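So the structure is just underneath, and the comments pick up after that.
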2 protein chains.
Amino acid sequence: MPKYEEIANTLRQRIKKGVYPANTLLPNQIDLVQEFGASRMTVKKAITILTMEGLVLARRGAGTKILDHSFWNKAAMPANQYDGMAADIARLGKTLTSEIIQFEVVFPTPEIQEYLMLADQEPVYEIIRLRIIDGVNTTLEHTYMPVTRAPGLTDDVLKHSVYNYLKETLHLTFAGAFRNIQADKSDEYDQKYLDCAPTDPVLEVEQVIYLDNGEPIEYSRSRNRYDRRSYTYLDVKS
Amino acid sequence: MPKYEEIANTLRQRIKKGVYPANTLLPNQIDLVQEFGASRMTVKKAITILTMEGLVLARRGAGTKILDHSFWNKAAMPANQYDGMAADIARLGKTLTSEIIQFEVVFPTPEIQEYLMLADQEPVYEIIRLRIIDGVNTTLEHTYMPVTRAPGLTDDVLKHSVYNYLKETLHLTFAGAFRNIQADKSDEYDQKYLDCAPTDPVLEVEQVIYLDNGEPIEYSRSRNRYDRRSYTYLDVKS
DNA sequence: TAGTGGTCTAGACCACTGG
DNA sequence: CAGTGGTCTAGACCACTAG
């Protein structure tokens, strides 16, 4: 782990434990340089990480202030990092189970082929899963993954965490994702599986997830019960 | 403007103009150092900006690849930077007009007071505007702004761009925003102003916008016609 | 193994904030 | 004005990729 990440981790812990209370200033960068035995550029990089996380605000001439956003406590999905739904749910102290509705191998439509940047006739997994949080049907997830990039998927993997399988077994790492979020009317499938009324809307999240070599590993469309899921994210300038 | 931003701008233009075609490699950092007369750390910072924008992918040992996401072309809102709705709409070549439904000064509720980090009895503007894109009622926007932090708001400002007023006249700059996105059933007001059916859902975006000194400048709740607006964003690791 | 990007340093100058 | 963070350099070492 790079030194700037270690410094960021240490500072983050101190902020969360109240060693540096909210609305006070962080020690200045020169002091941190001495404490951590690092150069100023390295300390600055650590502070940039905390800035992007919304934990501190650094201003030239005025020091680095610890921020407090504790009130922003909606039971919402932090949309900024992809760890898979299993990890997100676990973080909230809830339980996630999955019911496999469909699991097949098909040739992709031209649209899916383009999203996944595939050559012709490259087979993809087509997966439909119902995600159940604390016993409540919450998300209907329609996923396409190229067989060649994610070989060896099984019912067992799908029932637990695909993310963990890709990471731990296939040793793949993620570079990021594109997402599109919109509201929609519920259709028959939503009503059947999400157990919602015909007049209930759904929150649809489309995403393409990329590996660290730039190849797409997944295209998915998730339809969420409107009263069970929302997405939050933090947008920090520069 | 810092040198790394100028370099990033130059490289971005070359990518968009096809000087560096998609799926080829950027010149290596040493060459860029020589071309721009900068140090490698500075060049690296420029490349980091392009990485965060999803334009390139840099990999140790393999070079920096130009990416192609041209297919991701939904007429959606890029949710990653706040320039005000006027600027976003203009970027898409559409026209935005605004109808003021309410414009008052009130004492905030405890909830609003907390979102805006205000002392007791600090007055706030309460603004309701209907945003009309290309002649179609699209967004119903309910905004609260502290009077002391955004003094001098007028009907005229509200009809055009509040963002421009804050930036150009009051010389305020933004640090970022917290957002929460969810679907909801439309209520009477939505149906009246957004001209939608009782069964139509809405996409609700809540946000708190912060100034570069850490003070919140706005809390707002926007309700969008589900068939007219969606939000996209890019999520890049590290 | 050659070439790439990632990290790190020690020091410098500057822009900005706030008393 | 003193003190802060933002930028920049020149060079170094290393981890990684790909032929």
Side-chain angles (χ1 to χ4, degrees), chain A residues 1-11 20 23-52 55-67 171-176 210-215 236-238, chain B residues 1-11 15 20 23-52 55-67 171-176 211-215 236-238:
Chain A
M1 174 178 299
K3 192 187 272 195
Y4 64 83
E5 262 183 55
E6 286 182 2
I7 297 175
N9 289 343
T10 301
L11 296 177
Y20 303 139
N23 297 310
T24 66
L25 294 183
L26 210 64
N28 70 38
Q29 295 183 358
I30 303 297
D31 288 352
L32 293 175
V33 159
Q34 295 189 348
E35 172 181 353
F36 291 103
S39 74
R40 237 192 96 204
M41 292 251 22
T42 303
V43 166
K44 170 70 169 59
K45 227 165 165 175
I47 291 176
T48 299
I49 292 178
L50 303 179
T51 301
M52 292 304 173
L55 292 175
V56 303
L57 177 69
R59 294 166 65 211
R60 183 154 43 186
T64 301
K65 192 167 72 172
I66 287 90
L67 302 177
H171 302 293
L172 301 177
T173 56
F174 302 89
Y210 295 87
L211 296 176
D212 68 351
N213 63 3
E215 291 179 334
V236 177
K237 290 248 185 200
S238 138
Chain B
M1 175 177 300
K3 191 187 274 194
Y4 63 83
E5 263 183 54
E6 285 182 3
I7 297 174
N9 290 344
T10 301
L11 296 178
I15 291 171
Y20 303 139
N23 296 311
T24 65
L25 293 183
L26 210 65
N28 70 38
Q29 295 183 359
I30 303 297
D31 290 350
L32 294 175
V33 159
Q34 295 188 349
E35 172 181 353
F36 291 103
S39 73
R40 236 192 98 203
M41 292 251 21
T42 303
V43 167
K44 170 71 168 61
K45 228 166 165 175
I47 292 177
T48 299
I49 291 177
L50 303 179
T51 301
M52 291 304 173
L55 292 174
V56 303
L57 177 69
R59 292 166 66 211
R60 183 155 43 187
T64 301
K65 192 167 73 172
I66 287 90
L67 302 177
H171 302 293
L172 301 177
T173 56
F174 302 89
L211 296 176
D212 68 351
N213 63 5
E215 291 178 334
V236 177
K237 289 249 185 199
S238 138

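Side-chain atoms are counted along with the backbone in the values below, which use heavy atoms only and exclude waters and symmetry mates. Each chain gets a letter, A, B and so on, in the order the sequences are listed, and its residues count up from 1. The structure displayed is predicted, hence computed values, not measured ones.
We find the CG-CD1 distance between L55(A) and I66(A) to be 9.5 Å, quoted to the nearest 0.5 Å. Once rounded to the nearest 0.5 Å, the distance linking OG1 of T42(A) with CD of E6(A) reads 11.5 Å.
T64(B) has a side-chain polar atom (N or O) that falls below the 4.0 Å cut-off from OP1 or OP2 of dG5(C). For the OP1/OP2 pair of dT7(C) and a distance below 4.0 Å, the side-chain nitrogens and oxygens of T42(A) include no atom meeting the criterion. Regarding contacts with the backbone of dT9(C), a side-chain N or O of K3(A) is found under 4.0 angstrom from either OP1 or OP2. The phosphate of dT7(C) (OP1 or OP2) has a side-chain N or O of K45(A) nearer than 4.0 angstrom. For the pair K44(B) and dG6(C), the criterion of a side-chain N or O lying under 4.0 Å from OP1 or OP2 is met.
When each of M1(B) and P27(A) is assigned the nucleotide of DNA chain D with its nearest heavy atom, P27(A) is the one assigned upstream, toward the 5' end. Mapped onto DNA chain C by nearest heavy atom, N28(B) and A38(A) fall at different nucleotides, with N28(B) at the one closer to the 5' end. Checking V43(A) against Q29(B), the closest nucleotide of DNA chain C that is more toward the 5' end is the one next to Q29(B).
Checked against dT9(D), dC8(C), dT7(D), the side chain of Y4(A) finds its nearest nucleotide in dC8(C). Nearest to the side chain of P2(B), among dT7(D), dC8(C), dT9(D), sits dT7(D).
Of all heavy-atom pairs spanning M52(A) and V236(A), the tightest one is O-CG2, 3.8 Å. L57(B) and G214(A) make their closest contact through CD2-N, 3.3 Å (heavy atoms, listed as atom of the first residue, atom of the second, distance).
Using a 4.5 Å heavy-atom threshold, the side chains of L11(A) and V56(A) count as separate. Inter-residue side-chain proximity for F36(A) and T10(A) is flagged as met; some heavy-atom pair is nearer than 4.5 Å. K237(B) is not listed as a side-chain neighbour of T173(A), based on a closest heavy-atom distance of 4.5 Å or more. Side-chain contact between L32(B) and I7(B) is absent, with no heavy-atom pair separated by less than 4.5 Å.
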Could you provide the dot-bracket string of DNA chain D, using ( ) for intrastrand pairs, [ ] for crossing pairs and | for bases paired to another strand, with Watson-Crick or G-U pairs below 3.5 Å?
||||||||||||||||||.
Which parts of nucleotides 11-19 of chain D does protein reach within less than 4.0 Å, heavy atoms only, written one letter per nucleotide 5' to 3' as B for base, S for sugar-phosphate only and - for none?
-B--BBBS-
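No donor-acceptor pair closer than 3.5 Å links the side chain of K44(B) to the backbone N or O of Q29(B).
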